[in-house]
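Structure first, then comments.
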Amino acid sequence: MSANSTIEWTDATWNPIRGCTKVSPGCKHCYAQTFAERFRGVPGHPYEQGFDLRLAPEKLLDPFKWKSPKKVFVNSMSDLFQTRVSAGYIREVVSVMVEADWHVYQVLTKRSERMRAMLADDLQFAGAKENIWWGVSVEDKKHGLSRIEDLRSSSAKVKFLSIEPLLEDLGEIDLSGIHWVIVGGESGPGARALDPSWVKRILRQCRRYNVPFF
Ligand code: SF4
């Protein structure tokens, strides 16, 4: 667990899973992959295996060590709902969030179908917890809008969108049932340009739906 995060909308990161595979255009310049691959082959480094998927059960209990409440971004270096992560392990991760309930957990995924399915099944015990915020990434219409629908139709009590990196004008989006929206562009080498008018359009819609905008 990292006690301090440079991500503006969270306090800390917790990575009981490391590594991932790309699923959509928003992954093109994945910062987690760039970071992890820098350490591939470095003996003893947490990312010795680069961005290959690896479970880190030795990190599972880290939230219990933090006594003061924090906002915790879960798996900033991965995606909890990858198909190669077993339902049993996901259940273990989520059980920690339920028990160490003095923190707020921000779970963000691009695998929204599996998240919705698991919230209706193995994770039924956690969906209604107010200290767990369930979110989906939205980068464009083609991939992002169906993720919003998956999230909205799930049993999650607290729902948020990370519209980042925003790659096009999303048009009119349905924000009913959404509790928080984060919007951002891409940074780093080869970053794809963002048109401020796309952001303003989302901001206007957030105001209309009375949804906090970050
Ligand atoms: S889903 Fe997230 S962590 Fe996985 S490759 Fe895409 S951007 Fe990176």
Side-chain angles (χ1 to χ4, degrees), residues 1-18 20 24-36 59 62-63 66 68-81 93-94 96-97 100-112 115 126-127 129-140 143-145 147-148 150-152 154 156-167 170 173 175 177-188 191-192 194-196 198-214:
M1 191 182 254
S2 171
N4 294 300
S5 170
T6 54
I7 301 168
E8 294 157 295
W9 45 264
T10 199
D11 301 323
T13 55
W14 173 43
N15 285 287
I17 299 170
R18 297 180 188 138
C20 192
S24 64
C27 299
K28 186 176 179 188
H29 298 137
C30 173
Y31 72 89
Q33 182 191 37
T34 305
F35 177 86
K59 307 300 281 181
D62 278 6
W66 265 346
S68 59
K70 293 181 187 302
K71 281 210 287 292
V72 180
F73 179 17
V74 180
N75 289 311
S76 63
M77 296 292 293
S78 185
D79 187 328
L80 182 63
F81 291 100
V93 172
V94 175
V96 171
M97 299 184 223
D101 62 359
W102 53 95
H103 303 302
V104 164
Y105 299 90
Q106 298 158 314
V107 180
L108 182 61
T109 188
K110 287 188 173 70
R111 278 85 170 177
S112 55
M115 183 172 80
K129 300 290 180 191
E130 292 191 357
N131 71 310
I132 308 178
W133 300 0
W134 305 90
V136 296
S137 299
V138 178
E139 71 269 52
D140 62 13
H143 301 87
L145 298 186
R147 292 186 194 131
I148 299 175
D150 285 335
L151 179 65
R152 194 191 338 275
S154 78
K157 177 135 189 192
V158 185
K159 304 178 172 87
F160 74 100
L161 307 180
S162 171
I163 305 181
E164 191 173 6
L166 178 57
L167 299 178
L170 295 180
I173 50 179
L175 293 176
I178 303 298
H179 301 98
W180 192 39
V181 170
I182 301 162
V183 182
E186 199 164 50
S187 56
R192 290 162 285 183
L194 173 146
D195 186 326
W198 306 341
V199 181
K200 288 178 188 157
R201 189 168 190 178
I202 297 167
L203 174 61
R204 281 198 298 274
Q205 295 179 77
C206 283
R207 286 183 178 148
R208 202 184 315 140
Y209 280 88
N210 208 16
V211 177
F213 172 96
F214 184 96

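The figures here come from the full heavy-atom set of this structure, side chains too, leaving out hydrogens, waters and symmetry mates. The structure presented is a predicted model; accordingly, all values stated were derived computationally and were not measured.
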Does any non-hydrogen side-chain atom of Lys59 lie less than 4.5 Å from one of Asn15? no
Please enumerate all residues that pass side-chain hydrogen bond (donor to acceptor under 3.5 Å, both in side chains) together with Asn131, with sequence neighbours excluded. none
Would you call Val136 and Leu161 a side-chain contact if the rule is heavy atoms closer than 4.5 Å? yes
Using side-chain contact (heavy atoms from CB on, under 4.5 Å) as the criterion, list what pairs up with Ala36, not counting sequence neighbours. Tyr47, Phe51, Met77
Given the rule in the side-chain contact (heavy atoms from CB on, under 4.5 Å) test, do Trp14 and Met97 qualify, once you have shown the distances and angles that lead to the verdict? CA-CA 11 Å; Trp14 173 43; Met97 299 184 223; 3.9 Å; yes
Heavy-atom pair of closest approach, residues Lys70 and Ala12: CD-CB, 4.0 Å
Could you list the residues that satisfy side-chain contact (heavy atoms from CB on, under 4.5 Å) with Thr34, not counting sequence neighbours? Arg38
For Thr10, what residues pass the side-chain hydrogen bond (donor to acceptor under 3.5 Å, both in side chains) criterion, not counting sequence neighbours? Gln106
Where do Phe81 and Val107 land on the side-chain contact (heavy atoms from CB on, under 4.5 Å) test, with the steps shown first? CA-CA 10 Å; Phe81 291 100; Val107 180; 4.0 Å; yes
Closest non-hydrogen atom pair, Ser24 against Arg147: OG-NH2, 2.9 Å
Would a distance-only check, ignoring hydrogens and angles, find a side-chain to backbone donor-acceptor pair under 3.5 Å from Asp140 to His143? yes
Can you find a pair of side-chain heavy atoms, one from Asp101 and one from Lys129, that are under 4.5 Å apart? no
Just wondering, do Val72 and Pro63 contact through their side chains at under 4.5 Å, heavy atoms? no
Side chain to side chain, Ile178 and Leu151, heavy atoms closer than 4.5 Å: yes
Hey, does Trp66 have a side-chain heavy atom less than 4.5 Å from the side chain of Asp11? no
When rounded to the nearest 0.5 Å, the distance separating NZ of Lys159 from OG of Ser154 is 5.0 Å
Just to verify, what does Asp150 make a side-chain contact (heavy atoms from CB on, under 4.5 Å) with, not counting sequence neighbours? Ser112, Glu113, Arg116
Reported CD-to-OG distance for the pair Glu164 and Ser187, which is rounded to 0.5 angstrom: 8.0 Å
Determine the minimum heavy-atom distance between Trp9 and Lys71, stating which atoms define it. O-CE, 3.5 Å
Can you sort out the partners of Phe160 under ring-ring contact (aromatic ring centres under 6.0 Å, His included), two or more places apart, ordered by chain and number? Trp180
Approximate separation, where rounding is to 0.5 Å, of Ser78 OG and Leu108 CG: 11.5 Å
With His179 via side-chain hydrogen bond (donor to acceptor under 3.5 Å, both in side chains) - residues at least two apart: none
Residues which pass side-chain contact (heavy atoms from CB on, under 4.5 Å) with Glu186, listed by chain and number, not counting sequence neighbours: His29, Pro165, Ala191, Arg192
Please name the pair of heavy atoms, one in Leu194 and one in Gly185, separated by the smallest distance, quoted to 0.1 Å. CD1-CA, 3.4 Å
Tell me the closest heavy-atom pair linking Gly26 and Glu139, and the distance in Å. N-OE2, 2.8 Å
Can you tell me how far the CD1 atom of Ile7 sits from the OG1 atom of Thr13, to the nearest 0.5 Å? 6.5 Å
Test of understanding: with side-chain hydrogen bond (donor to acceptor under 3.5 Å, both in side chains), list the residues that count as partners of Thr109, not counting sequence neighbours. Asp79
Taking every non-hydrogen atom, the tightest pair across Ser76 and Ala32: O-CB, 4.0 Å
Run the side-chain donor-acceptor check on residues 205-214: report pairs under 3.5 Å with partners two or more places apart or on a different chain.
residue	atom	partner	partner atom	Å
Gln205	OE1	Ile173	N	2.7
Gln205	NE2	Gly171	O	3.0
Gln205	NE2	Arg201	O	3.3
Arg208	NH1	Glu172	OE1	3.3

With sequence neighbours excluded, what pairs up with Glu130 under the salt bridge (Lys or Arg N to Asp or Glu O under 4.0 Å) test? Lys157
